[in-house]
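Data first, discussion second: the structure below is written as structure tokens.
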Amino acid sequence: MDEATVHKITKRVTAPGVWLKAFVPPETLEPWLAPGWHLAGGPGYLMCAPLPLAPARAPGPIPAGYRLKTWTRDGVTRALVRTADGVFAARGQIAVTGHTAVVDQVETDPAHQRRGLGHLVMHGLTAAATEQGATAGVLGATPEGRALYETTGWRVLAPLTSARRGPDPADT
């Protein structure tokens, strides 16, 4: 995406709540935006990985005290980790589109981080995508997520910056 395209899009789109994502750093995107648009969501990264991932990157067993559930509905495979008493610990989802799988909404509750749950979720999701014929995966990562994904075999392709139309939450 280039400056002229971003300016054209952001001038024409005036409805609040519309998002724009571009594969450029925030300092590049911000001056391209028309009035009424602001950077949103912090810095990010477009990442990719070949599927299946190398077996050496597979997680260990499910940590004691946790349960993993995976299911597929309407083309989306979800993974959910809960404690033995049902408290949310981690989750994620993946959708296969041809030979590519798109990972989304991966998160680990702060109270359950550093226990291998993110690796467990990612392994389950990518294994399911491989079974469905995917040979490559893509995702958008936060700086915190990038660290997890890189340890599971993903690599950064480009910066990923988001902008949103409407009032800047920092101004309210």
Side-chain angles (χ1 to χ4, degrees), residues 17 19-27 29 38-164 169-170:
W19 288 78
L20 173 75
K21 300 204 179 227
F23 302 120
V24 296
E27 61 273 11
L29 183 61
H38 62 274
L39 297 181
Y45 308 94
L46 174 65
M47 299 185 76
C48 71
L51 300 179
L53 292 171
R57 294 190 176 100
I62 298 173
Y66 292 97
R67 293 180 301 202
L68 170 66
K69 178 181 178 184
T70 59
W71 69 97
T72 302
R73 184 174 38 221
D74 297 329
V76 178
T77 299
R78 292 176 173 84
L80 176 63
V81 179
R82 293 190 181 275
T83 63
D85 56 355
V87 174
F88 168 79
R91 72 174 179 152
Q93 63 185 28
I94 195 165
V96 176
T97 59
H99 292 290
T100 304
V102 181
V103 176
D104 190 30
Q105 297 182 2
V106 175
E107 75 171 300
T108 301
D109 183 272
H112 301 278
Q113 291 177 349
R114 307 282 181 251
R115 299 178 190 179
L117 301 179
H119 280 238
L120 183 68
V121 166
M122 288 300 293
H123 179 73
L125 294 176
T126 57
T130 299
E131 289 173 11
Q132 295 172 48
T135 58
V138 297
L139 59 81
T142 62
E144 298 82 13
R146 176 183 174 175
L148 164 68
Y149 304 131
E150 286 181 329
T151 65
T152 60
W154 294 72
R155 67 182 180 89
V156 172
L157 286 178
L160 178 60
T161 303
S162 299
R164 188 170 185 269

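- The heavy-atom pair separating M122 from Y149 by the smallest distance is SD-CE2, 3.6 Å.
- Atom-to-atom distance recorded for T77:OG1 and Q93:CD is 9.5 Å, nearest 0.5 angstrom.
- Contacts of Y45 classified as ring pair (Phe, Tyr, Trp, His ring centres under 6.0 Å), with partners at least two apart in sequence or in another chain: none.
- Here CG of L120 is found 12.0 Å from OG1 of T152. Values are rounded to the nearest 0.5 Å.
- Between the CZ atom in R155 and the CE atom in M47 there is a gap of 9.5 Å [rounded to 0.5 Å].
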Residue pair R82, Y66: steps toward the side-chain contact (heavy atoms from CB on, under 4.5 Å) verdict: CA-CA 6 Å; R82 293 190 181 275; Y66 292 97; over 6 Å; no
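- For the residue pair L51 and A101, the shortest heavy atom distance occurs at CD1-CB, 4.2 Å.
- Between V81 and V121 the shortest heavy-atom distance is CG2-CG2, 3.8 Å.
- Closest of all the heavy-atom pairs between Q113 and T108 is NE2-O, 3.2 Å.
- Atoms OG1 and CD, on T142 and E107 in that order, are 10.5 Å from each other to the nearest 0.5 Å.
- At least one donor-acceptor pair closer than 3.5 Å links the side chain of T161 to the backbone N or O of V24.
- Taking CZ of R73 as the start and CZ of R78 as the end, the distance is 6.0 Å to the nearest 0.5 Å.
- Counting all heavy atoms, side chain and backbone alike, R115 lies closest to P63 at O-CG, 3.3 Å.
- In this structure, the separation between CG on L80 and OG1 on T70 is 10.0 Å, given to the nearest 0.5 Å.
- In plain terms, the two heavy atoms of L29 and A22 that are nearest each other are CD1-CB, 4.2 Å.
- Between the side chain of Q105 and the main chain of R91, no donor-acceptor pair closer than 3.5 Å is present.
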Begin from the C-alpha positions of K21 and L160 and carry the test side-chain contact (heavy atoms from CB on, under 4.5 Å) through to its verdict. CA-CA 7 Å; K21 300 204 179 227; L160 178 60; 4.1 Å; yes
Go through the steps to decide whether L148 and W154 satisfy the test side-chain contact (heavy atoms from CB on, under 4.5 Å), and finish with yes or no. CA-CA 9 Å; L148 164 68; W154 294 72; over 6 Å; no
